[in-house]
Amino acid sequence: MAVLLHRLGLSAYRHRKLVLGIWLVVLAALVTCVGLLGGKLDDRFSVPGTESQRALDSLSRTLPEASGANAEIVLTAPAGHRVTEAPYTAAIAKVTASARKAPQVSAVVSPGASGAVSADRTTAIVQIQYSVEKPDVRTSSVHAVENAARAAEKDGLKASVGGSVYGSQGVHIGPSEIIGVVVAMLVLVVTFGSLLAAGMSLLPALAGVGVALAGLLALAPVVSISSTAVTLALMLGLAVGIDYVLFILSRHRQQLARGVDPQESAGLANGTAGSAVVFAGSTVIIALAALSVIGIPFLTTMGLGAAGAVLIAVLAAITLLPALAGFAGPRLAPKPGSRAARRAADPDGADGKTTLGARWVKRVVAKPLLTVVAVAGTLLALALPAADLRLALPDNGSAPHGSTERTAYDTINDRFGPGFNGSLLVLTRTEHGPGRHAGTQVAQQLRTLDDVKAVSSPQPTHDPAQTVVQVIPETGPDSDRTGQLVQDIRKAGQDIRETTGASIAVTGTTAVNIDVSNRLSDSLLPFVAIVVGLSVILLMIVFRSLVIPVKAAVGFLLSVGASLGLVVAVFQWGWLADVFGIPHTGPVVSFLPIILTGVLFGLAMDYEVFLVAGMREEWAHTGRALHSVVAGARHSVRVVTAAALIMFTVFAGFFPLDDALIKPIAFALAIGVAIDAFAVRMTLVPAVLALAGRRAWWLPAWLNERLPDLDVEGTSLEKTESTRREEPHPVA
């Protein structure tokens with residue numbers, strides 16, 4: 001691989017105009033496709049094969065309006081008045097009539113017809129059903145409903161609009177994301193000591209992100225892609241794109257400072273650091289693509305979309321960067337006499353000066369056992385809250401305070417009870433004869449279950465043998481008791497069938513979300529086991545060691561555990577929620593743990609390779625275990641520190657978004673990167689290697705012979721080039 005990447009780097013350097021032109025043409029073509037096709041994003045959550053999804057699919061055929069999006073206009077009378085007073089009943093009638101005229105609305109049910117009036121008569125709900133599902137609801141239709149609600153305010157009513165038509169806003173570029181890129185630029189300037197080199201790091205990353213996002217959006221007309229998938233691809237593509245370019249460009253500048261020809265240096269950097277980038281990127285891609293095996297469509301598109309963004313980031317690093325380096329030529333070399341030039345010219349520290357990274361590692365390995373106990377103990381303590389992890393999908397209760405959907409949600413919760421925000425649909429079906437009578441019997445039995453507040457009369461569908469019964473729980477949609485109620489209804493299904501002759505299935509948005517969360521929860525441990533097993537195998541191949549992969553796997557688990565613990569403490573328990581501006585505390589987003597595991601796995605492998613590769617090379621040269629740990633970290637710690645700071649900054653830039661899906665993911669990824677890079681890779685890893693001594697590099701001979709040699713650092717290529725340069729030239 002090193003030789004192939006070396007040739008690719010040389011070719012891109014020589015044909016830089018062609019390479020740059022190809023990237024620009026591809027980007028322009030994809031942007032044009034997005035502009036012409038204009039595909040819509042799909043934020044539906046579904047789990048094929050589950051009871052709730054099968055029942056919902058059946059309803060989409062027999063009662064389409066029940067499976068479409070819905071909205072709710074919540075109207076509250078002024079203090080001291082009731083909505084049943086004549087002026088307000090007239091105002092509500094006007095709102096109902098106005099809402100019926102909104103585009104795509106199939107049905108509007110007034111409070112009088114549905115009985116959706118609070119017990120104190122201060123609040124009423126106008127229920128609106130769309131003829132299409134949420135992704136197909138036009139913005140103009142939502143605005144028409146909102147305008148109808150605002151008209152009621154002129155008559156003295158307080159109005160807000162909620163319902164399933166609202167949800168995650170997904171991809172967004174704002175001041176916080178721009179600030180994140182600016183901070184990343186400053187980190188690059190400090191790292192390289194050069195504006196040109198810093199800009200060179202950003203250009204390929206931005207080009208890669210542009211191609212990745214345009215490509216993902218171009219697929220939207222034919223593939224169901226969520227807004228969260230686009231945002232995750234943006235976050236990861238930008239973060240790893242900058243990091244991968246940083247690794248290769250750092251090597252290129254070091255070689256230029258040592259007098260290597262710019263063209264040869266570009267090829268050599270591509271073959272050495274580029275090999276590690278390809279390996280690290282491949283692990284991220286594998287982990288993210290593995291999300292597809294869970295069998296949840298929206299998670300599959302998230303994983304594959306993010307994996308595609310990482311793949312393009314790798315391609316940009318190994319093709320576009322050498323081409324841009326060709327335009328810059330020798331100007332990328334550190335200025336003579338600068339700190340960067342001195343570090344490159346004195347890789348072994350012969351002048352007696354040590355880098356900050358080397359000094360840090362020396363302190364760590366001075367008392368390795370104390371370091372291991374302190375770091376592992378701290379991370380285990382941070383991971384303790386993860387034992388209380390509860391998973392759910394966010395609803396309007398997670399929306400920002402002051403938004404119309406959050407106001408509607410809170411008003412319903414206060415006036416009608418939390419269960420009104422998370423009603424369940426029970427689909428009944430009889431084998432013989434009309435199902436109306438059996439549906440009535442089913443409703444009577446459902447009223448006897450615990451945690452049931454109300455049960456509606458059965459509603460017929462276009463199928464005479466089928467009815468729909470609405471069940472209002474006592475608790476909200478993200479409550480454990482609501483999840484238990486779904487299970488209780490399903491357990492009662494056999495008894496209901498024997499007494500009424502009707503089979504039942506629980507569905508609706510709340511039930512689907514519960515099934516999604518349960519599927520994700522059940523898949524978490526197997527997915528972690530696969531990822532950890534893969535990391536052990538890959539690192540064993542790379543470093544020809546048993547201790548290093550086991551240590552890396554344990555460190556990875558500590559990073560994930562500590563990150564999840566902090567997420568639970570902040571987003572579920574509410575610690576520092578006001579400080580972080582979190583509008584709602586409760587269960588953690590159900591797919592966050594799996595996303596965090598997949599992304600952190602790749603990044604942990606990334607940092608592990610770049611840190612330990614230098615140590616392994618020192619060990620191969622000197623055979624001195626403790627010396628190799630300190631000396632090997634001399635340059636890599638600086639680069640990994642910059643990479644981690646950039647990654648943290650990019651992820652943290654998405655945290656201020658008022659989006660219930662993006663906010664916790666951004667927090668988890670940012671804090672996870674910081675923990676893994678600084679606490680695990682730069683502290684725990686050197687301490688463990690110092691404790692292990694020579695045993696850290698031991699591998700049974702029989703196993704060593706059977707493992708392939710990946711040479712991810714391109715050491716064989718470096719040796720070949722070094723030998724070639726040292727050979728005497730033939731005398732003519």
Would you confirm whether [X], through its side chain, and [Y], through its main-chain N or O, come within 3.5 Å as a donor-acceptor pair?
X: Gln255; Y: Ser265; value: yes
X: Ser563; Y: Ser559; value: yes
X: Thr641; Y: Val637; value: yes

Geometric cation-pi criterion Lys663 and Phe655, 6.0 Å radius, 45° cone
yes
Hey, mind stepping through Leu564 and Leu592 against side-chain contact (heavy atoms from CB on, under 4.5 Å) and telling me if it holds?
CA-CA 9 Å; Leu564 284 179; Leu592 184 150; 4.0 Å; yes
On a heavy-atom basis, which atom in [X] and which in [Y] lie closest, and how many Å separate them?
X: Val137; Y: Val142; answer: CG1-CG2, 3.8 Å
X: Pro400; Y: Pro583; answer: CA-CB, 4.0 Å
X: Ala652; Y: Ala670; answer: N-CB, 4.0 Å
X: Ser201; Y: Pro204; answer: O-CD, 3.8 Å
X: Arg251; Y: Ala273; answer: CB-CB, 4.0 Å
X: Phe556; Y: Thr597; answer: CZ-O, 3.6 Å

[Y] and [X], any side-chain heavy atoms less than 4.5 Å apart:
X: Tyr13; Y: Glu264; value: no
X: Ile646; Y: Phe651; value: no
X: Val183; Y: Val650; value: no
X: Leu202; Y: Leu188; value: yes
X: Val531; Y: Leu534; value: no
X: Val680; Y: Glu608; value: no
X: Leu669; Y: Leu603; value: no
X: His252; Y: Phe247; value: no

From [X] [atom1] over to [Y] [atom2], what is the distance, rounded to the nearest 0.5 angstrom?
X: Ile594; Y: Leu520; atom1: CD1; atom2: CG; result: 5.0 Å
X: Gln263; Y: Leu10; atom1: CD; atom2: CG; result: 6.0 Å
X: Ile548; Y: Met540; atom1: CD1; atom2: CE; result: 11.0 Å

Determine all donor-acceptor pairs shorter than 3.5 Å in which one atom belongs to a side chain in residues 314-333; sequence neighbours excluded.
| residue | atom | partner | partner atom | Å |
| --- | --- | --- | --- | --- |
| Thr319 | OG1 | Trp23 | NE1 | 3.3 |
| Thr319 | OG1 | Leu315 | O | 2.5 |
| Arg331 | NE | Ala328 | O | 3.1 |
| Arg331 | NH2 | Phe327 | O | 3.0 |

Under 3.5 Å, which donor-acceptor pairs link side chains of residues 277-303 to any protein atom two or more places apart or in another chain?
| residue | atom | partner | partner atom | Å |
| --- | --- | --- | --- | --- |
| Ser282 | OG | Val278 | O | 2.6 |
| Thr283 | OG1 | Ala280 | O | 2.5 |
| Ser292 | OG | Ala289 | O | 2.7 |
| Thr300 | OG1 | Ile296 | O | 3.2 |
| Thr301 | OG1 | Phe298 | O | 2.8 |

For a quick test of your reading: what N or O donor-acceptor pairs under 3.5 Å do the side chains of residues 206-220 make, sequence neighbours left out?
none

Walk me through whether Phe571 and Phe580 qualify under ring-ring contact (aromatic ring centres under 6.0 Å, His included).
CA-CA 10 Å; Phe571 287 87; Phe580 289 119; 7.9 Å; no
